[in-house]
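In what follows, a structure is listed as structure tokens, so that the remarks can point back to it.
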Amino acid sequence: MARAGLMACIRGHVERIGWSAMLAMLPLLSACSLKFPANTFVAHSDLTRAIQGLYWEVIGWTTAILILVCALVFLILFKYSTRPGPEKKPPPEEFESLTLEIAWIAGPALVLLLIAIPSIRLVFASQQVAPPPDALIVEITGHQWWWEATYPQYGIHTANEFHLPVGRPVRFVLTSADVIHSFWMPQLGAKRDVVPGHTNQITFTPTETGEDFGECAEFCGTSHANMRFRVFVDTKVGFDNWATNMASAARPAVGGRVRAGQNIFATSACTPCHTIRGFSAGKIAPDLTHFATRTTLAGGSFANTPSNVAKWITNPEAMKPGAQMPALGLRGPELTDLVAYLESLK
Ligand code: CUA
């Protein structure tokens, strides 16, 4: 009777702990929503799809093992916990079975082999030495804290927002100008270290049009968290239009305020750092030739709106701690004219 009471008490505790743990974990489920841009369960490229295939394969094997082990544990618990009749003498402490030993070495070895073969195959497939013949090449350089991009086949130079055509293989060639970064596109193409003095690559084919989120995934200093980027996968026509525009020189300034803004840009400390093609040739900060075509600014962290651009020019440090851009001390009409000029650079 006392034993039955003890068992009921233990069962009660286990149930309470179980329910509390499940309730405590409920908020975690919100992280499974498919609409979060860093959700790796959404595949927008052949590479992500292959990685997910491997993931589900491993989950399948490990779930089968979990079910087998749990079934054995419960079977033994219920079958051997109590036995009617007089107490038998305990089993011998030493017991040998060659068959059992072979089974518990061969079983796990087989499972490991079944996981290792597709894993190794995928590692090699994701590290193609030569790009596919028709691949789009995008050269990326990581900076503290923004991403520079060059499309050598198109003469395009831009920052933080990269366009790709759907269905065409792309090779990102990655290096860094300062410290180690990591180029991560959760739904497009896994993650690669971006190392100074060394090039890494990611090759994949985007399979869906739309906007994809990316960010630096290796701590690289004060504004590591503000080192984001966007990848826009366009239709072929959409990409060609974008590329033609991006390869052209900056639009000439039209209108009083825009022209006044252009003059302010020309005489400010902007020109030694920023390129506006056909106008200035600074190389250490993002190319601004088609700045207004970008949806974000300051390492992809803020929406590209006139008020954010004005805030950024007034006090970059407040928006991106550690930012290397100096505050230019522009105010009033000078500031609004410069913003109007930058926002005219389509
Ligand atoms: Cu670059 Cu973190």
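- You'll find the side chain of Thr275 reaches within 4.5 Å of the side chain of Thr289, heavy atoms only.
- A distance of 11.0 Å separates CG in Leu338 from CZ in Arg257, rounded to the nearest 0.5 Å.
- One hydrophobic cluster, built from ILVMFWY side chains closer than 4.5 Å, holds both Val166 and Val138.
- A search for salt bridge (charged side-chain N to carboxylate O under 4.0 Å, His left out) contacts involving Glu211 returns Arg230, not counting sequence neighbours.
- Between the side chain of Gln153 and the main chain of Ile137, a donor-acceptor pair closer than 3.5 Å is present.
- Two residues are said to be in side-chain contact when any heavy atoms from C-beta on lie closer than 4.5 Å; Phe302 and Val309 fail this criterion.
- Between His224 and Phe219, the gap from one ring centroid to the other is short of 6.0 Å.
- Between the Thr267 side chain and the Asn263 main chain, a donor and an acceptor come within less than 3.5 Å of each other.
- Contact detail for Ala269 and Pro272: the closest heavy-atom pair is O-CD, 3.2 Å.
- Contact annotation: the side chain of Val58 never approaches that of Trp61 to less than 4.5 Å [non-hydrogen atoms, C-beta and beyond].
- In this structure a side-chain-to-backbone donor-acceptor pair under 3.5 Å is present from Lys320 to Trp145.
- Aromatic ring centroids of Phe183 and Phe229 lie under 6.0 Å apart.
- Side-chain contact annotation: His157 with Asp287, donor-acceptor N/O pair under 3.5 Å absent.
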Exercise. Would you sort out whether Ile202 and Leu47 count as a side chain to side chain contact (heavy atoms under 4.5 Å, CB included), showing the intermediate values?
Key: CA-CA 9 Å; Ile202 304 184; Leu47 178 59; 4.0 Å; yes

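- The backbone N or O of His44 sits less than 3.5 Å from a side-chain atom of Thr207, completing a donor-acceptor pair.
- In summary, the aromatic rings of Phe232 and Phe239 are positioned with their centroids too far apart to meet the 6.0 Å limit.
- Residue Arg49 qualifies as enclosed at atom CZ: its count of foreign heavy atoms under 6.0 Å is above 12.
- With no hydrogens or angles considered, a side-chain donor-acceptor pair links Thr296 and Glu161 at under 3.5 Å.
- Clustering ILVMFWY residues whenever any of their side-chain heavy atoms sit less than 4.5 angstrom apart, transitively, puts Val231 in a cluster other than the one holding Phe36.
- By the side-chain hydrogen bond (donor to acceptor under 3.5 Å, both in side chains) test, Asn304 pairs with no residue at all, sequence neighbours left out.
- When side chains are defined from C-beta on, Arg259 does not count as touching Tyr341, because their heavy atoms never get closer than 4.5 Å.
- For the pair Tyr55 and Ile51, the minimum side-chain heavy-atom distance is 4.5 Å or more.
- In terms of modelled atom types and a separation under 3.5 Å, the side chain of Ser268 and the main chain of Cys270 share a donor-acceptor contact.
- The hydrophobic clustering, which links ILVMFWY residues whose side-chain heavy atoms are closer than 4.5 Å, places Ile180 and Leu174 apart.
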Practice problem: Begin from the C-alpha positions of Gln187 and Thr40 and carry the test side chain to side chain contact (heavy atoms under 4.5 Å, CB included) through to its verdict. | Solution: CA-CA 6 Å; Gln187 298 174 356; Thr40 50; over 6 Å; no

Exercise. Go through the steps for Ser126 and Arg192 under the test side chain to side chain contact (heavy atoms under 4.5 Å, CB included), then give the verdict.
Key: CA-CA 11 Å; Ser126 70; Arg192 285 283 188 284; 4.0 Å; yes

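- Tracing side-chain contacts under 4.5 Å through hydrophobic residues (I, L, V, M, F, W, Y), one reaches Leu335 starting from Leu342; they form part of the same cluster.
- Without hydrogens or angle criteria, Asn160 side chain to Trp147 main chain gives a donor-acceptor distance under 3.5 Å.
- Side-chain atoms of Thr175 come within 3.5 Å of backbone atoms of His198 as a donor-acceptor pair (strictly under, hydrogens ignored).
- A donor-acceptor contact shorter than 3.5 Å links the side chain of Gln144 to the backbone of Cys220.
- Aromatic rings of Tyr151 and Trp242 (six-membered ring for Trp) have centroids within the 6.0 Å cut-off, being under it.
- Contact record, Pro186 with Thr48: O-CG2, 3.8 Å, taken as the closest heavy-atom pair.
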Review item, side-chain donor-acceptor pairs of residues 97-122, under 3.5 Å, at least two apart:
from: Ser97; atom 1: OG; to: Leu100; atom 2: N; distance (Å): 3.1
from: Ser119; atom 1: OG; to: Ile115; atom 2: O; distance (Å): 2.6

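- Of the inter-residue distances, the one linking Met246 atom CE with Lys346 atom NZ reads 12.5 Å to the nearest 0.5 angstrom.
- Defined by atom type and a distance below 3.5 Å, a donor-acceptor pair is missing between the side-chain atoms of Ser248 and Arg277.
- Of all heavy-atom pairs between Ala135 and Arg168, the closest is O-NH2, 3.7 Å.
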Exercise. Applying side chain to side chain contact (heavy atoms under 4.5 Å, CB included), run through Asp178 and His143 and close with a yes or a no.
Key: CA-CA 6 Å; Asp178 39 48; His143 295 263; 4.1 Å; yes

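- Interatomic distance, CG of Asn226 versus CE of Met319, reported as 9.5 Å (0.5 Å rounding).
- Within the model, atoms CZ of Phe291 and OG1 of Thr293 stand 9.0 Å from one another, a figure rounded to the nearest 0.5 Å.
- Between the CZ atom in Arg294 and the CG atom in Leu288 there is a gap of 6.0 Å [rounded to 0.5 Å].
- No donor-acceptor distance shorter than 3.5 angstrom exists from the side chain of Arg171 to the backbone of Gln201, with no hydrogens or angles considered.
- Contact annotation: the side chain of Leu136 approaches that of Leu164 to within less than 4.5 Å [non-hydrogen atoms, C-beta and beyond].
- How far CD of Glu139 is from CD1 of Ile156: 12.0 Å, rounded to the nearest 0.5 Å.
- Trp184 and Val170 fall into different hydrophobic clusters, defined by Ile, Leu, Val, Met, Phe, Trp and Tyr side-chain heavy atoms under 4.5 Å apart, directly or through other members.
- When all heavy atoms of Trp146 and Gly299 are compared, the pair lying nearest together is CB-CA, 4.4 Å.
- The two atoms that bring Pro169 and Pro132 nearest to each other are CB-CG, 3.8 Å, heavy atoms only.
- Counting heavy atoms from C-beta outward, Val237 and Asn241 have side chains that approach closer than 4.5 Å.
- Formation of a donor-acceptor pair under 3.5 Å by the His181 side chain with backbone atoms of Val195 is not found in this model.
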